[in-house]
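This report refers to the structure that appears directly beneath it.
Fair warning: this is a prediction, and the values are worked out from it, not measured in the lab. Below, all heavy atoms of this structure are taken into account, side chains as well, without hydrogens, waters or symmetry copies. Counting convention: from 1, in listed order, for ligands and their atoms alike.
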Amino acid sequence: MTKVLLKKKISRRIENGHPWIFANEVATVEGDTTGGEIVEVYTHDKKFLGKGYINPQSQILVRLLTRDKGESIDDAFFYDRLKGAWEYRQRLGYTENCRLVFGEADYLPALIIDKFNDYFVIQTLALGMDRWKPAIVSALERLFQPKGIYERNDVPVRELEGLTQQKGFLSAPFDTRIVIRENGLQMHVDLENGQKTGYFLDQHDNRRAIQHIVKDADVLGAFCYTGSFETHAGYYGAKSVLGLDISENAVAQARRNAELNGLEKVCKYEAVNAFDVLKQWSKEGKQYDVVMLDPPAFTKSRETIQKAITGYKEINLRGMKLVKKGGFLVTSSCTNLVGPEMFLDTINLAAKDARRRLRQVTFQAQASDHPIIAGWENTNYLKFLIVQVL
Ligand code: SAH
């Protein structure tokens with residue numbers, strides 16, 4: 001088997017057990033470096049570090065799959081890992097829907113699997129993981145007897161690995177417009193054409209956190225996608241809910257979700273640019289009891305973090321101005337590079353500018369089926385904050 005020897009001074013990330021080895025961290029490679037092959041990685045003094053897959057075309061040369069020299073990477077390996085991942089989610093109380101595999105955090109780098117009850121959506125975002133798609137599909141079939149498996153590899157990041165963007169069935173074809181249950185509600189999910197894997201499971205625990213504050217409230221939800229938070233707000237007793245999203249498709253689905261739950265009189269939606277509308281309405285002095293913000297990621301690159309922070313400050317400032325005294329702001333950020341502290345600092349700066357005082361109700365991360373590993377920055381990506389705005 002090919003051996004990859006690291007440079008003497010290895011990065012803090014590798015010491016922390018993170019499974020990525022960048023090309024510039026490698027001293028020598030002994031043997032074949034065909035993309036997708038399994039290789040062994042050693043420290044400069046020949047201590048075994050782990051086994052993983054190599055891709056000389058990628059800046060991330062190797063991603064480790066195991067730290068155990070005796071463990072072979074074969075079909076059984078993927079079956080065992082998926083079984084372990086499912087057992088972990090079950091222990092946490094997930095029964096129907098969950099992120100079954102959260103890539104690195106499940107020691108299956110570049111693999112995402114979302115479980116929507118009997119349906120599964122897969123993303124293989126690196127060449128070495130893409131190779132194992134048949135083994136992953138067969139493990140899912142053995143473990144769950146799924147009604148359908150769908151591939152959502154229409155993701156640009158695959159091109160950095162020399163892979164094409166594609167989507168399609170990995171099982172017999174099925175109707176990809178499904179209905180899932182969440183927190184007592186029903187939600188339409190479009191596995192084929194929805195954003196990412198079709199639905200944002202990372203917020204499913206957080207959606208329950210709005211239960212008490214939305215009761216009898218007039219609620220504004222910006223960046224609502226298919227109205228998951230907004231439908232919850234209606235279900236939890238909001239007086240009125242207005243959801244905003246730039247995507248006509250998302251808004252149409254949000255309206256269907258309102259109907260599906262008998263909330264079409266309460267939950268209304270508009271397809272608009274939320275940045276413009278928040279600016280305009282805050283100037284006009286509109287007021288809501290609860291404002292919810294869940295924008296898309298603002299940056300993926302370190303060079304533009306400052307711009308992202310300015311963006312967060314701006315929309316949260318507008319959001320706060322739209323909150324009645326004593327009402328609540330529910331605000332999220334999924335930008336990986338903006339850490340929890342940085343996010344809180346930004347919100348506090350916005351409050352200062354808006355001349356409002358904040359009282360923190362809760363500050364959470366993503367749902368626990370998306371595990372966070374200490375020191376592995378990219379596993380801790382979602383910030384979810386509720387504050388009372390005084
Ligand atoms: N809250 C949602 C997820 C939101 S994802 C949920 O829990 O399911 C971010 C959303 O912001 C996407 O639906 C995207 O269409 C929308 N979006 C992106 N830019 C926008 C803009 N300028 N105005 C309004 N919505 C926007």
With sequence neighbours excluded, tell me which residues meet ring-ring contact (aromatic ring centres under 6.0 Å, His included) with Trp86.
Phe144

side-chain hydrogen bond (donor to acceptor under 3.5 Å, both in side chains) filter on Asn336, not counting sequence neighbours, yields none

Are there any protein N or O atoms under 3.5 Å from the N or O atoms of ligand 1? List them with distances, or say none.
unit_1: ligand 1; atom_1: 1 (N); unit_2: Phe223; atom_2: O; d: 3.4
unit_1: ligand 1; atom_1: 1 (N); unit_2: Asp294; atom_2: OD2; d: 2.7
unit_1: ligand 1; atom_1: 7 (O); unit_2: Arg207; atom_2: NH2; d: 2.9
unit_1: ligand 1; atom_1: 7 (O); unit_2: Ser228; atom_2: OG; d: 2.9
unit_1: ligand 1; atom_1: 8 (O); unit_2: Ser228; atom_2: OG; d: 3.1
unit_1: ligand 1; atom_1: 13 (O); unit_2: Gln195; atom_2: NE2; d: 3.1
unit_1: ligand 1; atom_1: 13 (O); unit_2: Asp245; atom_2: OD1; d: 3.4
unit_1: ligand 1; atom_1: 13 (O); unit_2: Asp245; atom_2: OD2; d: 2.7
unit_1: ligand 1; atom_1: 15 (O); unit_2: Gln195; atom_2: NE2; d: 3.1
unit_1: ligand 1; atom_1: 15 (O); unit_2: Asp245; atom_2: OD1; d: 2.7
unit_1: ligand 1; atom_1: 22 (N); unit_2: Asn273; atom_2: OD1; d: 3.0
unit_1: ligand 1; atom_1: 23 (N); unit_2: Ala274; atom_2: N; d: 2.8
unit_1: ligand 1; atom_1: 25 (N); unit_2: Ile246; atom_2: N; d: 3.1

Verify ring pair (Phe, Tyr, Trp, His ring centres under 6.0 Å) between Phe384 and Phe363, making sure each step is shown before the conclusion.
CA-CA 6 Å; Phe384 173 82; Phe363 188 40; 8.9 Å; no

Between Phe275 and Phe223, ring centroids under 6.0 Å:
yes

Pairing residues for Phe78 by the ring-ring contact (aromatic ring centres under 6.0 Å, His included) criterion, not counting sequence neighbours
Trp132

Would you find a donor on one side and an acceptor on the other, under 3.5 Å apart, between the side chain of Lys51 and the backbone of Lys69?
yes

